[in-house]
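Heavy atoms only: backbone and side chains are in, while hydrogens, waters and symmetry mates are out.
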Amino acid sequence: MGSLVGVQGLGIRVRVVPEMAPSMLLLRGIMFRSFRVSASSSSPPSSIRVRFAPSPTGNLHVGGARTALFNYLFARSKGGKFVLRIEDTDLERSTKESEDALLRDLSWLGLDWDEGPGVGGNYGPYRQSERNALYNQYADKLLQTGHVYRCFCSNEELEKMKETAKMKQLPPVYTGKWASATEMEMQEELAKGTPYTYRFRVPKTGNLKIDDLIRGEISWNFDTLGDFVIMRSNGQPVYNFCVTVDDATMAISHVIRAEEHLPNTLRQALIYKALGLPMPRFAHVSLILAPDRSKLSKRHGATSVGQFKEMGFLPQAMVNYLALLGWGDGTENEFFTLDQLVDKFTIERVNKSGAIFDSAKLRWMNGQHLRSLPSEKLTKLIGERWKSTGIVTESSGSFVEEAVQLLKDGIDLITDADKAISSLLSYPLYSTLASPESKPVLEDKLSEVAASLLIAYDSGEFNSALEEGNAGWQKWVKSFGKSLKRKGKSLFMPLRVLLTGKLHGPDMGAGLLLVFKAGKCGVVAPQSGLVTLDERFKILREVEWESLNKDNPTIEPASAVVAVSN
């Protein structure tokens, strides 16, 4: 049987196995030969506190945004606090511009933080670069209790250790050269001014087990680690040390982060124990994968929140989609607002397998959110877009309102609105007539319909009908069909081709009324590509129907000029 030994200063209970027990316990060196630590045995603080801790070295990746979202949802669903901490210890790569962009992107997503930059709080500062005094304080504590020691190895010596380990097919761990140095040897190096790092003493045998909230039990053997550096020779603290001190002193109860950080858990757990600080519960979220199941990267296209914002995606759609990458509420529902996600979210339903990032699904979801907006807000968004791109001169008014209502079903992104209205205003008649798809329409005596249509236009009958709006159009088209003894597809397909220049598109009558209005209201800008009804009939009048036969070469497939929706 083993025995439980309490060791002051380490903050753990150690099971010493008799057949492997050392002859003594060095209280300064804590040189145990075998012990096990169960991270799940630690008691976290009673209140829920989570953190998102990005490095300001680039744009906010969608993977980071999802991690932030899961932390936010976990905190909000349990009445806890969501803390934002900036991990800027990489002084060469960290920039103020990147930090500002991170804050903007999180705010755009609606992930407001309770503590952090711009908000403050009782656990600041919230930038690691401003917490060096705290790191030095805890490093000195570990040095005094013997959990760390000064290591005077040069870079050349360390590289040689790695090469030797590689040759012996062993893990590239530190051999412990300075772990057992005498005080005299230490003082000699200090007197010479030899640079040194602080290394943490890792038990030679044993293992660590944690109960991960997503992945279940995970364990690591200590012999794969070796004594690791917590303070560099230039006095800068190492990532794992900073994170541990920060999470402990900020009373973080749960650490929800990407699975890439799993290997860091062993180092951090040892530091927690050595400092006698409570350890949070861990939850490691799977990676976001590309369609080929590789890690999502720039080579797969847009990967940052800022890029998707510029492409015209809505923040609520991004949040909805990111939540579904590895989580679901157990139903078929895929459409959630942020408030609904807060109500539904549980960490137990986060999947531990990788989630595939599907750009087409994100676009579809954005369209769903876009069309669910109140009519006034949707019109404002699209109207402002059209004005900014020079399509219209006024971002509001009846023309814009009617155009948005007509075209919205074919718009998934705000940027799609440009193509939608440009297609409506254009008149690619010749390319459509020259396409193979128009052959059945041509063979249905299209030229005869064109001749009758020109008569209706020349008499003023057609324009008078449009002046009366939709009711006038409906009345005219019914009368026109009756005069030609045509109805259904035999009537509407020829009319669509002749009046819009396309084989497909939104409601023909509503579209024609908008084109009619565009030619009169002066809201549509000259560079919009508008072909007015008068100009369309002029083009139609010049068509040489005899030359449009089956032997005609294809100028351009009609699919290239298809309107917004089929």
Is it the case that R49 places NZ or CZ above or below the six-membered ring of Y123, under 6.0 angstrom from the centre and within 45 degrees of the axis?
yes
Is it the case that the side chains of [Y] and [X] hold a donor-acceptor pair, with the cut-off being a distance below 3.5 Å and no angle test?
| X | Y | answer |
| --- | --- | --- |
| Q268 | N240 | yes |
| D339 | T337 | no |
| Y239 | H261 | yes |

Any side-chain to backbone donor/acceptor pair from N221 onto D223? Under 3.5 Å, distance only.
no
Using atom types as modelled and distance alone, determine if a side-chain donor or acceptor of D100 lies under 3.5 Å from a backbone N or O of E97.
no
Please name all residues satisfying side chain to side chain donor-acceptor pair (under 3.5 Å) with E99, sequence neighbours left out, ordered by chain then number.
R127
Rounded distance [0.5 Å steps], CZ in F222 versus NZ in K204
12.0 Å
More than 12 heavy atoms from other groups under 6.0 Å of CG on N122
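No, because the 6.0 Å sphere around CG of N122 holds 12 heavy atoms or fewer from other groups.
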For the residue pair F282 and Y272, does the interplanar ring angle fall in the parallel (under 30°), tilted (30 to 60°) or perpendicular (over 60°) class?
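Aromatic pair F282/Y272 classed perpendicular.
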Parallel, tilted or perpendicular: which one describes the rings of F345 and F70, with boundaries at 30° and 60°?
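Ring orientation, 0 to 90° scale: tilted.
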Which pairs with one or both residues in residues 349-359 pass salt bridge (charged side-chain N to carboxylate O under 4.0 Å, His left out), sequence neighbours excluded?
none
